[in-house]
Amino acid sequence: MTLRLVPVADGSPAADLLDGLNDPQRQAASHTEGPLLIIAGAGSGKTRVLTYRIAYLLRQGVHPSHILALTFTNKAAKEMRERIAHLVGDHVARGIIAGTFHSVFARLLRRHAELLGYTSSFTVYDSDDQLAAIKAVMTTLGVSQQAQSPTAIRSRISGAKNAMTSWMEYGRNASNVNERITAQVFEQYEKRLLHANAMDFDDLILNMIALLRNNPDVLASFHERFRYIHVDEYQDTNRAQYLAVQLLAKGHRNICVVGDDAQSIYRWRGAEIQNILDFGRDYPDATTVRLEQNYRSTKTIIKAAESVIKNNTKQLKKELWTDNAAGDKITVLACRDDRDEADQVVRTLKSRLNEHGLTWRDVAILYRTNAQSQPLEDALRRSNTPYHIVSGVSFYKRKEVKDALAYLRVLVNPADAESILRIINEPARGIGNTSLEKLQAFATATNRILYDVLKNAHEVPGLQTRTLVSVRDFVNIFEMYRDAVNELTPASLAQAFLEATGLLDHYRNQKTDDARDRLANIDRILTHISEVQEADDELTLLHYLEQVALISDQDDPELGNNRIALMTVHASKGLEFPLVVIAGMEQGLFPLVKPESSVDEEDEERRLFYVAITRARQHLVISYAGQRMRFGEVGFSRPSKFLAEIDTDCLSASAKVPAAAGRSVSLPPPRPRRPEPPRESYSQIPVETDNRWSVGMRVKHPMFGVGRIIALSGIGSSAKAQVEFANGQRKQLMLAFARLEAL
DNA sequence: ACTAGGGCAGCCAGG
DNA sequence: CTGCCCTAGT
């Protein structure tokens, strides 16, 4: 069909679109039929090729709904969509299916949930919910949580699922006590989730496979629908994702996968690097295109990265090169301890920013583990440097936020037992453990969902009258708003409903700063719902909750602010910065080693270091400390062996490094530690350095409307404003959260 | 039913 | 060190 959806204003044929690409890029973008493997080195324009390819398809007349693009992060999906919109227009870009495996599959599964024994309003369980379910199952089975760590069981279950192993098979293969117990928990866990009408992250993939395998008509309709399939970061797919893609691609065989085996850093969560290495075997007629020209970094940085990665043997052949300038040498900072490291890093940054005319947002500090952010944050705060933490402890993991969301989840899916257990006594209603156990036991015995038992609590033997009243009140909250789900918009529903739960009053009544913060966080959720609703007027509460469940890195609404970014190396994948600091380059920390670490694991750490280096465009600073606080104790460490692998030509003379692992390093003498100044409790909240607010100023709040600031208090991230709104209502708002707009 | 306080594991990374 | 879980005491 030749339906032309995109008006081409200047009458140029589709090929003109690709004029700005280099040869391999153009080849990849225009090779639309049949299997295609794109091996894309860091900074080689991978996203550019993918977006141009999709735009090219659209220009060729392919209907947007026939294009599927699967990514690993929401960030990547969002960026791709935006760039496609830029090329072909917002309206057309909206029509393509682009998102993470999990979010795309969740949406598709909703439509066919009944075929799998779920209802279309199933809940998605995150890893905390998983853990709660596992603990509950362990309690029921009488498995001690001391003898068996619930998190270890969770990771075994998840590992099994990623490898497509059922609980039955897992049980058959169990070779020791731990695995046998895990098998038992696994079985009950699966039953519990199905009963709760809930899927965990892994289920989203597995159930998609089951759906496609067991329903030929559904498979056929998906084949009809998804004619051009794209998978980003293919080296990160696990067995289940690989199979799902295979099934989907069987229809038209227009499967385009993009990846870089050198950047495979998710082996620990089941990624099989073999998937990309074997693509040619899976599709013997596949075309392979290598993107080896790097447009991002200086020659020095590329040379350093290549000199490190060549120590890994199992890599696809590929050599990164660049036409960019040679650039500055890499600076290495040898530091006494973690605190000294933080100070030196901040000092170095300040002078570099000055020297090169860079600004805060041009800088990222990367580290191996989240725990390393603490001393860095302290130093940045002491020097009044604006920073933010990218995907640290997520906003959505906070207790009050989880509680508020759990209420909404139960409203949408009453079968969600984990959420009920979370909130039934939050705020305290006098429904304690004893009563809960009776209720749960009754639910199990009668094979009913917990919510139904709560609704008919009078049938449960042995409950006190007072408890019965509490349970009835609890159930009434949901019953009262049951119909409102279809009548009110998600924003006003959530506002009224959460008010009815008593959760807001619970925090209002405590006059502590902590309670105020928690209230502000719930307020932020409500604001967020109305914002999402504004962008998407068909938003349902169900859909909102799904989106929230599937984001872990909150899509930083404030990334536009001018601040230094702090994040783990993992979180930095796909990003780039003019100046990058890699902190904590010490043996044991990076590479992070456990007693039983294998060569494969060291290779993965090296790839991780490769990812870190290649985030830098112009300037790279690497630091290590001779001693570091770990688990509250001072530990001694030597420079990372990876440092010694960097070609010495790339290092600045003053760094006279080679700090090679194994050799002793001279360090400044240790200094007694002074107590740290108290940490802000919410460190990832942006530190406001400007004085945008003043008493008397007219402001607008997305929920409460227009008002006037009548008082200001607190500093930095805990700064608050008291605002009187047009309706006379007064509110304490956390400036860092409240999205106030100056008028 | 709830709370305080001690004991102990965790700090490897994410959808 | 921090945060969670468990226990004992009210």
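Within every chain, numbering begins at 1; the chains are lettered A, B, ... in the order of the sequence lines, protein sequences first and strands thereafter. Atoms considered below: every heavy atom in the structure, side chains included; atoms not considered: hydrogens, waters and symmetry mates.
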> If I take atom CG in residue A:D232 and atom P in nucleotide B:dG14, what distance separates them, rounded to the nearest angstrom?
17 Å
> Using whole Å, report how far CZ of A:R269 lies from P of B:dG14.
8 Å
> Rounding to an integer number of Å, can you tell me how far A:I265 CD1 sits from B:dG14 P?
9 Å
> Between C1' on B:dG14 and NZ on A:K573, what's the gap in Å once rounded to a whole number?
11 Å
> Against A:E341, only a single residue in A:R336, A:Q372, A:R628 fulfils side-chain hydrogen bond (donor to acceptor under 3.5 Å, both in side chains); can you say which?
A:R628
> With sequence neighbours excluded, tell me which residues meet salt bridge (Lys or Arg N to Asp or Glu O under 4.0 Å) with A:R615.
none
> Are any protein N/O atoms closer than 3.5 Å to N/O atoms in nucleotides 9-11 of chain B? If there are, list each pair with its distance.
none

> Going by the rule salt bridge (Lys or Arg N to Asp or Glu O under 4.0 Å), which residues pair with A:K402 if we only count those two or more places apart in sequence or in a different chain?
A:D126, A:D128, A:D129
> Please name the pair of heavy atoms, one in A:L589 and one in A:T369, separated by the smallest distance, quoted to 0.1 Å.
CD1-CG2, 4.1 Å
> Considering only atom P, compute the distance from C:dC4 to B:dA13 and round it to an integer number of Å.
15 Å
> Which nucleotide in the set B:dG14, B:dA1, B:dC2 lies at the smallest distance from any side-chain heavy atom of A:A428?
B:dC2
> Looking only at the side chains, is there a donor atom on one of A:R110 and A:S120 sitting less than 3.5 Å from an acceptor on the other?
no
> Is there ring stacking between A:Y266 and B:dG14, where the centres must be under 5.5 angstrom apart and the planes under 30 degrees?
no
> For B:dC2, does OP1 or OP2 lie under 4.0 Å from any side-chain N or O of A:N425?
yes
> So, OP1 or OP2 of B:dA1: does either fall under 4.0 Å of a side-chain N or O from A:S435?
yes
> Expressed as a whole number of angstroms, how long is the span from A:L366:CG to B:dC12:C1'?
15 Å
> May I ask you to say what A:F101 touches in the nucleic acid, namely base, sugar-phosphate or nothing, with a heavy-atom cut-off under 4.0 Å?
nothing
> When we call it a touch if two heavy atoms are under 4.0 Å apart, what does A:S103 touch: a base, just sugar-phosphate, or nothing?
nothing
> So, using ring-ring contact (aromatic ring centres under 6.0 Å, His included) as the criterion, who are the partners of A:F474 when residues are at least two apart?
A:F478
> What is the separation between atom CD on A:Q374 and atom P on B:dC12, rounded to the nearest whole Å?
14 Å
> A:S149: what forms a side chain to side chain contact (heavy atoms under 4.5 Å, CB included) with it, not counting sequence neighbours?
A:T151, A:A152
> Hey, does the side chain of A:H112 reach the backbone of A:L211 with a donor-acceptor pair shorter than 3.5 angstrom?
no
> Please determine whether a side-chain nitrogen of the Lys or Arg among A:R339 and A:D378 lies less than 4.0 Å from a carboxylate oxygen of the Asp or Glu.
no
> Could you check which residues of residues 126-142 of chain A get a heavy atom under 4.0 Å from DNA chain B? Sort them by number, please.
none
> In whole angstroms, how far is the P atom of C:dG3 from the CG atom of A:N370?
13 Å
> May I ask you to establish whether A:R607 and A:Y610 are in a cation-pi arrangement, using a distance under 6.0 Å from NZ or CZ to the six-membered ring centre and at most 45° from the ring axis?
no
> In whole angstrom, give the distance that lies between atom CG of A:L608 and atom C1' of B:dG14.
13 Å
